[in-house]
Novice: 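My questions all concern the structure below.
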Number of protein chains: 4
Amino acid sequence: MSGSGVRPGRRRSEESRQAILGAAFDLLGEVGYARLTVEGIAARAGTGKQTVYRWWPGKADVLLEAVTAYAREHIPLPETADRAADLRTFLTATFAAATPRTSDALRALMAEAQIDPAFGERFRETLLRPRREALGAVVDRAREAGLLAPHLTTDTAVDLAFGALWYRLLATGRPLDDELAELLTRTLLR
Amino acid sequence: MSGSGVRPGRRRSEESRQAILGAAFDLLGEVGYARLTVEGIAARAGTGKQTVYRWWPGKADVLLEAVTAYAREHIPLPETADRAADLRTFLTATFAAATPRTSDALRALMAEAQIDPAFGERFRETLLRPRREALGAVVDRAREAGLLAPHLTTDTAVDLAFGALWYRLLATGRPLDDELAELLTRTLLR
Amino acid sequence: MSGSGVRPGRRRSEESRQAILGAAFDLLGEVGYARLTVEGIAARAGTGKQTVYRWWPGKADVLLEAVTAYAREHIPLPETADRAADLRTFLTATFAAATPRTSDALRALMAEAQIDPAFGERFRETLLRPRREALGAVVDRAREAGLLAPHLTTDTAVDLAFGALWYRLLATGRPLDDELAELLTRTLLR
Amino acid sequence: MSGSGVRPGRRRSEESRQAILGAAFDLLGEVGYARLTVEGIAARAGTGKQTVYRWWPGKADVLLEAVTAYAREHIPLPETADRAADLRTFLTATFAAATPRTSDALRALMAEAQIDPAFGERFRETLLRPRREALGAVVDRAREAGLLAPHLTTDTAVDLAFGALWYRLLATGRPLDDELAELLTRTLLR
DNA sequence: CGTTAATCGAGACGGTACGTCTCGTCTTCAT
DNA sequence: ATGAAGACGAGACGTACCGTCTCGATTAACG
């Protein structure tokens with residue numbers, strides 16, 4: 001009821017929040033994740049370190065927030081009559097979101113997730129799981145139309161698609177292009 | 001050519017080398033990669049820090065040496081008449097090598113490769129590329145027998161297989177079991 | 001002269017003032033001056049930090065106000081016919097005021113006066129000078145009666161008495177007892 | 001026996017030690033004790049912070065070492081046939097050691113001793129007690145010659161002398177000159 | 001009786017220094 | 001020359017307080 005969520009005290013500064021997210025993303029591009037520091041982020045953002053630590057556990061979570069916001073905005077969930085095309089469209093949009101800058105961030109986040117298990121949990125819940133569920137929905141609609149390769153479960157199909165995505169991102173540097181999207185579509189649906 | 005390669009002074013201690021590789025591997029399991037330090041490794045191995053730095057650039061390279069030795073020993077390259085079975089066998093053996101302990105090491109190495117580009121280069125050359133070539137050889141033999149799915153290149157087939165492997169290792173924790181090996185075999189060959 | 005000092009708006013809360021003085025004094029005893037913080041005082045007093053900073057420059061001035069009030073109340077200025085006894089009485093009363101708790105506060109204030117010159121000025125004006133003047137008056141009355149040791153000026157006599165007081169307080173911890181009062185009286189008057 | 005105290009490893013850098021002592025003393029004069037920081041000392045000395053913390057608990061102990069070395073060198077213990085003159089000489093030399101720069105350090109040390117009880121203990125043992133013992137020896141020799149005022153114990157005489165010294169240093173700023181030395185001599189000996 | 005102004009508790013803000021940790025290097029004595 | 005030991009310069013960590021700045025809520029004098 002009235003005033004239940006109203007707390008006393010100064011409000012969180014949206015300006016600082018944006019400045020920190022932007023500074024983290026910019027610095028990642030400039031110096032790389034290894035030399036990205038909370039001190040550097042705060043200095044670039046023109047805030048105190050405590051303002052970073054008050055709202056995020058560390059530099060990885062700042063990047064995570066920046067990236068998830070980007071993903072939410074730029075990757076639509078297609079839903080047309082052509083369910084095969086939907087899958088191709090989804091993968092193409094996903095790959096297109098992996099610009100050089102966001103790729104750097106994604107690689108850093110996946111790395112940090114391996115190193116800090118607690119962050120790993122947040123990373124999976126905040127970024128990986130929503131993406132899996134989105135692709136899973138597209139795959140399920142394909143299955144309902146009888147288009148999915150018969151020996152594949154939804155989860156395994158998703159593993160194959162995101163596996164290829166992340167493996168190229170992390171290990172080989174081969175491009176995430178329309179050719180890969182087309183190939184995955186054919187492999188999963190056939 | 002006098003004394004070709006023979007230098008004066010104390011020889012490198014094989015004992016220390018083994019102690020350092022073992023200490024790194026043990027400590028990784030005990031405290032995790034984030035709290036694994038060169039100082040800790042040296043202390044556990046009963047050596048000085050300098051002895052680690054003299055032979056390896058850092059903690060990641062110590063682990064890399066430990067893991068590559070393991071991989072070389074435990075994953076044979078099958079070559080029988082049944083080329084479909086060869087692929088399944090290779091994948092099964094590869095997955096079997098990912099024990100909990102080696103999985104921890106692999107995840108740490110892939111993480112470090114993202115964070116330190118120079119190490120990333122060594123990691124790809126030392127561990128990833130030989131594995132890709134091994135699998136590529138098996139896939140090529142399958143293609144020669146007309147078994148490979150027609151829209152797949154060798155590289156892409158390898159991407160799909162190792163993509164699924166690494167994605168489960170890094171992101172979902174789903175098992176690297178015979179079911180996955182079977183499923184990949186069917187997906188790639190059909 | 002319209003309204004001279006009368007202003008609109010909420011009045012200063014006497015309740016908060018007392019709570020802050022009390023909290024500062026209590027916390028000094030509990031955690032010591034080093035870990036006495038304005039935040040802690042405000043929290044203990046149940047006020048906001050700003051309410052402290054609105055009325056005092058810092059934690060030292062809060063303690064100073066608490067101590068000066070105490071000194072004003074508890075150390076009378078004796079004025080009898082026996083001017084030697086007056087000196088002894090003044091010193092005894094002064095020493096008696098140095099309870100363990102007020103001693104802690106006095107030591108902290110003298111320390112802060114060394115570290116923060118601006119506070120030092122306030123400390124000398126507010127607490128030290130009035131005390132010097134009170135003792136100086138007693139000494140002067142003794143001099144008029146021809147009781148003061150001939151080579152002593154009033155200021156120097158005061159230096160000797162308060163010097164002994166503060167030195168024991170700050171440096172040795174030896175007691176401020178009647179024996180010291182008696183001895184100082186004899187030394188100064190002879 | 002042999003080599004019992006010989007340890008392996010790099011020796012402590014005497015150069016760094018001197019640089020740190022000097023930097024602390026210089027910075028105290030330049031910015032005052034409140035704005036003297038361990039970080040600043042290390043930066044000025046051209047060392048890492050850890051090199052300060054490895055050998056001293058904090059900035060106060062660095063100053064303490066600088067000051068005690070100074071006192072040991074500059075205040076001789078006079079021992080002539082004229083025991084009254086010896087006392088006057090000792091006090092004069094003591095006062096002369098209180099240059100503006102060392103006075104700043106002494107006031108800071110006495111302040112810190114009030115604020116940090118553990119440092120207070122070290123301060124008393126390292127600086128105050130040796131000084132008390134030195135003056136006590138001079139006073140004792142005067143007493144043996146029947147020169148000491150009869151109602152004074154050695155300890156109390158020392159309290160009076162050092163009390164006047166510290167009180168002027170900390171509270172009034174009145175000079176530590178030959179006049180005070182003469183006056184104290186007369187007061188104590190009579 | 002509403003307007004205006006000052007204070008209140010609360011708490012976020014930009015800063016700064018803390019004391020710790022680890023890095024990779026350098027120096028020492030012993031092998 | 002290499003080994004273990006350990007001090008060194010460097011610099012980021014995450015925390016604690018500083019003193020300032022909003023907030024919405026009270027509380028008084030004034031119009």
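Everything quoted here is computed from the prediction, not taken from an experiment. Chain letters run A, B, ... following the sequence lines, proteins first, then strands; residues in each count from 1.
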Novice: So does C:Ser16 get a side-chain nitrogen or oxygen closer than 4.0 Å to the phosphate oxygens (OP1/OP2) of E:dG9?
Specialist: yes

Novice: Salt bridge or not between A:Arg122 and A:Glu125? Use side-chain N to carboxylate O under 4.0 Å.
Specialist: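 Looking at A:Glu125 together with A:Arg122, the answer is no, because their closest N to O distance does not fall below 4.0 Å.
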
Novice: Round to a whole Å and report the spacing from CD of B:Glu14 to P of F:dG3.
Specialist: 11 Å

Novice: Counting only side-chain heavy atoms from C-beta out, which of F:dC18, F:dG14, E:dC8 sits nearest to C:Ser13?
Specialist: E:dC8

Novice: Could you state the atom-to-atom distance from CH2 of A:Trp56 to P of E:dC13 in whole Å?
Specialist: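 After rounding, the gap between these two atoms is 9 Å.
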
Novice: Whole-Å distance between E:dG19 P and D:Asp61 CG?
Specialist: 11 Å

Novice: Assuming nearest nucleotide by heavy-atom distance, tell me which of A:Trp55 and C:Pro8 is located more 5' along DNA chain E.
Specialist: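 Its nearest nucleotide being more 5', the pick is C:Pro8.
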
Novice: Can you name the one residue among B:Asp116, B:Thr68, B:Leu64 that meets side chain to side chain contact (heavy atoms under 4.5 Å, CB included) with B:Phe123?
Specialist: B:Leu64

Novice: Closer to the 5' end of DNA chain E via nearest nucleotide, is it A:Ala45 or C:Arg54?
Specialist: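 Closest to the 5' end, via its nearest nucleotide, is C:Arg54.
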
Novice: If you define the side chain from C-beta out and look only at heavy atoms, does anything of A:Tyr33 sit under 4.5 Å from A:Asp104?
Specialist: no

Novice: By nearest nucleotide on DNA chain F, pick out whichever of D:Gly9 and C:Thr37 is the more 5' one.
Specialist: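 Nearest nucleotide further toward 5': that of D:Gly9.
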
Novice: Can you measure C:Arg35 atom CZ to E:dC18 atom C1' for me and round it to whole angstrom units?
Specialist: 15 Å

Novice: Do C:Arg10 side-chain and E:dT7 base share a donor-acceptor contact under 3.5 Å?
Specialist: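 Donor-acceptor pair under 3.5 Å: yes.
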
Novice: I need the CD1-C1' distance between D:Ile20 and F:dG9, as an integer number of Å.
Specialist: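 For the pair D:Ile20 CD1 and F:dG9 C1', the rounded distance is 11 Å.
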
Novice: Using heavy atoms to find the nearest nucleotide of DNA chain F for B:Gly48 and C:Val38 separately, return the residue whose nucleotide is more 5′.
Specialist: B:Gly48

Novice: Base, sugar-phosphate or nothing for D:Gly46? Non-hydrogen atoms, less than 4.0 Å.
Specialist: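 Sugar-phosphate, no base atom in range.
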
Novice: Assess whether one donor atom and one acceptor atom, taken from the side chain of D:Gln50 and the base of E:dC21, lie less than 3.5 Å apart.
Specialist: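 In this structure, the two groups form a donor-acceptor pair.
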
Novice: To the nearest Å, give me how far apart CZ (A:Arg11) and P (E:dG9) are.
Specialist: 18 Å

Novice: Check this one for me: any side-chain N or O of C:Thr47 less than 4.0 Å away from OP1 or OP2 of E:dC8?
Specialist: no

Novice: For D:Glu39 and F:dG9, give me the distance from atom CD to atom C1', rounded to whole Å.
Specialist: 14 Å

Novice: Taking the side chain as every heavy atom from C-beta outward, state whether C:Trp56 and C:Arg17 have any atom pair closer than 4.5 Å.
Specialist: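 Answer yes - side chains close enough.
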
Novice: Does C:Lys49 make a side-chain donor-acceptor contact with the base of E:dG9, cut-off 3.5 Å?
Specialist: no

Novice: Without decimals, in angstroms, what is the distance between B:Asp116 CG and E:dG24 C1'?
Specialist: 13 Å

Novice: Any side-chain heavy-atom pair from B:Gln114 and A:Met110 closer than 4.5 angstrom?
Specialist: no

